[in-house]
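Right, I'll just put the structure down here and ask away after.
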Amino acid sequence: MKVKIAKDLLKIKAVFLRPNEPFIWASGIKSPIYCDNRLTLSDPEVRMDVETGLANIIKTHYPEAEVLMGTSTAGIAHAAITAHLLNLPMGYVRSSAKDHGRKNKIEGKLIPGQKVVVVEDLISTGGSAIEVVNVLKEAGAEILGIASIFTYGMKESMDKLSKANVKNISLTDFDTIVEVAAKEKYIEEDDIKRLLSFRDNPSDESWIGGIK
Ligand SMILES: O=P(O)(O)OC[C@H]1O[C@H](OP(=O)(O)OP(=O)(O)O)[C@H](O)[C@@H]1O
Ligand SMILES: O=C(O)c1cc(=O)[nH]c(=O)[nH]1
């Protein structure tokens, strides 16, 4: 499954390499790579792989799930489709509470004590996912864990998740994408080392301009 989803993401050109004009991530990190999982929604075949994959993660790793909660904004559609496949209730957590209407941060119904799985599209530092977990816990949810499409496998995210005692299961990861991208000639072998060293130490910006 990891290889299949990595191939899917590469096929729909959801993975962008831009070493000369780095992307700025949500965390502020400058990156030579950006994975735009939002594009999976636009390709029905890939969307089917992703949503059935997320549904399988939930059936296998979180069989007692009672509610799925998406992260804003990129996790919302995946939470909705996966919940539909599993016939489960679904909601989402806003990045900040509305300042009008019901002033909600959590949208949809959450009953304190309910067993919740957070659906996130992508984990870089893990900051967004953990914030959502905390908001839901404060509202009385029992968090079973996170289901996500992609993780960079950064130390920062793994430390954050283990400190918060939260499990994450991803459909694919950075190492698999890089491996498949090299095999299928999307990137040159030489660049693999640079990409992995960026992932292992994102504050070292020596990769800028160095990837072909
Ligand atoms: O692991 P982290 O360091 O928190 O980064 C990952 C988050 O960043 C992206 O969201 P973004 O803030 O770009 O917003 P969007 O979901 O509205 O596109 C992505 O969808 C994740 O939610
Ligand atoms: O960390 C992020 O903001 C981020 C990285 C990435 O590769 N893709 C994305 O959508 N967000």
Side-chain angles (χ1 to χ4, degrees), residues 5-6 8-10 12-19 21-43 46-47 50-51 54 68-82 90-98 105-107 117-136 143 145-164 166-178 180-181 186-187 191 194-196 198-203 205 207-208 211:
I5 299 293
D8 279 347
L9 292 175
L10 291 165
I12 62 168
K13 299 190 168 43
V15 183
F16 297 84
L17 278 186
R18 219 172 62 187
E21 199 195 329
F23 296 97
I24 309 290
W25 283 356
S27 52
I29 289 173
K30 268 195 226 162
S31 166
I33 184 164
Y34 193 81
C35 182
D36 190 352
N37 290 323
R38 299 154 196 90
L39 291 168
T40 62
L41 297 170
S42 308
D43 186 301
V46 171
R47 190 176 65 213
V50 166
E51 313 308 343
L54 288 171
L68 304 187
M69 281 283 172
T71 57
S72 290
T73 57
I76 297 174
H78 300 293
I81 302 170
T82 306
M90 172 269 171
Y92 60 94
V93 179
R94 294 177 179 275
S95 42
S96 55
K98 270 177 80 118
K105 186 152 181 172
I106 300 173
E107 298 290 5
V117 175
V118 170
V119 178
E120 169 68 293
D121 74 311
L122 176 140
I123 299 205
S124 306
T125 65
S128 315
I130 291 291
E131 201 190 311
V132 165
V133 163
N134 290 339
V135 168
L136 291 165
I143 304 294
I146 301 167
S148 56
I149 299 172
F150 177 88
T151 179
Y152 278 95
M154 295 174 98
K155 186 174 178 310
E156 184 175 342
S157 70
M158 292 190 282
D159 289 349
K160 267 194 196 128
L161 291 165
S162 78
K163 198 166 158 217
V166 176
K167 176 164 101 173
N168 167 58
I169 309 288
S170 299
L171 285 176
T172 194
D173 54 33
F174 187 58
D175 296 72
T176 309
I177 291 261
V178 167
V180 172
Y186 288 97
I187 54 172
D191 294 331
R194 287 196 191 91
L195 286 170
L196 292 175
F198 156 74
R199 189 276 308 278
D200 292 339
N201 185 8
S203 60
E205 294 178 1
W207 51 265
I208 295 179
I211 296 168

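One-based numbering, in listed order, for ligands and for the atoms of each.
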Looking only at non-hydrogen atoms, the one of T151, D121, D36, T73 nearest atom 17 (O) of ligand 1 is T73
Any N or O on S124 sitting closer than 3.5 Å to an N or O of ligand 1? yes
Atoms of ligand 1 close to A26 [distance to a heavy atom under 4.0 angstrom, numbered from 1]: 8 (O), 12 (O)
Where is the nearest protein heavy atom to atom 3 (O) of ligand 2: which residue, which atom, and how far? A26 N, 2.7 Å
A student checking ligand 1 against G127 at a 4.0 Å heavy-atom cut-off should list atoms 1 (O), 2 (P), 4 (O)
Expected output: side-chain D173 to main-chain G153 donor-acceptor under 3.5 Å: no
Looking at L122, is its backbone amide N or carbonyl O close enough to the side chain of S148 to form a donor-acceptor pair, meaning the two atoms are under 3.5 Å apart? no
Only heavy atoms of L122, strictly under 4.0 Å: list the atoms of ligand 2 that pass. 4 (C), 5 (C), 6 (C), 7 (O), 8 (N), 9 (C), 11 (N)
Exactly one of T82, I76, I81 clears side chain to side chain contact (heavy atoms under 4.5 Å, CB included) with M90, and that residue is I76
Which is closest to atom 1 (O) of ligand 1 by heavy-atom distance: S72, S27, G126? G126
Can you measure from CG (D121) to OG1 (T40) and round to the nearest 0.5 angstrom? 8.0 Å
Would you indicate whether K155, at its atom NZ, is surrounded by more than 12 heavy atoms from other residues, nucleotides or ligands within a distance under 6.0 Å? no
Have a look at W25, Y152, F174, F150 and point out the one with the heavy atom closest to atom 7 (O) of ligand 2. Y152
side-chain contact (heavy atoms from CB on, under 4.5 Å) evaluation trace for L41 with E51: CA-CA 10 Å; L41 297 170; E51 313 308 343; 4.2 Å; yes
Show your working on side-chain contact (heavy atoms from CB on, under 4.5 Å) between L17 and L195 and close with a plain yes or no. CA-CA 10 Å; L17 278 186; L195 286 170; 3.8 Å; yes
Rounded to the nearest 0.5 Å, what's the gap from CG on L39 to CD1 on I12? Could you check? 5.5 Å
Between atom CD1 of I177 and atom CG of D8, what is the distance when rounded to the nearest 0.5 Å? 9.5 Å
Dump the intermediate steps for side-chain contact (heavy atoms from CB on, under 4.5 Å) on R199 and D175, then the final yes or no. CA-CA 10 Å; R199 189 276 308 278; D175 296 72; 2.8 Å; yes
Atoms of ligand 1, numbered as shown, that sit under 4.0 Å from any heavy atom of I123: 1 (O)
Of all the non-hydrogen atoms in the protein, which one sits nearest to atom 4 (O) of ligand 1, and at what distance? S128 OG, 2.5 Å
So if I count the atoms of ligand 1 from 1 in the order they appear, which ones are less than 4.0 Å from some heavy atom of T125? 1 (O), 2 (P), 3 (O), 4 (O)
Which ligand 2 atoms does R38 reach within 4.0 Å, using its non-hydrogen atoms? 10 (O)
Of all the non-hydrogen atoms in the protein, which one sits nearest to atom 21 (C) of ligand 1, and at what distance? L122 O, 3.4 Å
Out of all atoms in ligand 1, which are within 4.0 Å of some heavy atom of A74? Include the element for each. 15 (P), 16 (O), 20 (O)
Considering only heavy atoms of E120, which atoms of ligand 1 have at least one such atom less than 4.0 Å away? 21 (C), 22 (O)
Hey, does D36 sit under 4.0 Å from ligand 2 if you only count heavy atoms? no
Residue, atom and distance of the protein heavy atom nearest atom 14 (O) of ligand 1 read R38 NH2, 4.3 Å
Only heavy atoms of S124, strictly under 4.0 Å: list the atoms of ligand 2 that pass. 1 (O), 2 (C), 4 (C), 5 (C)
For C35 and F174, what are the C-alpha separation, side-chain angles and deciding distance, and is it a side-chain contact (heavy atoms from CB on, under 4.5 Å)? CA-CA 10 Å; C35 182; F174 187 58; over 6 Å; no
If you scan protein heavy atoms around atom 8 (N) of ligand 2, the nearest is C35 O, 2.8 Å
Close aromatic pair by centroid cut-off 6.0 Å: Y34 and F16: no
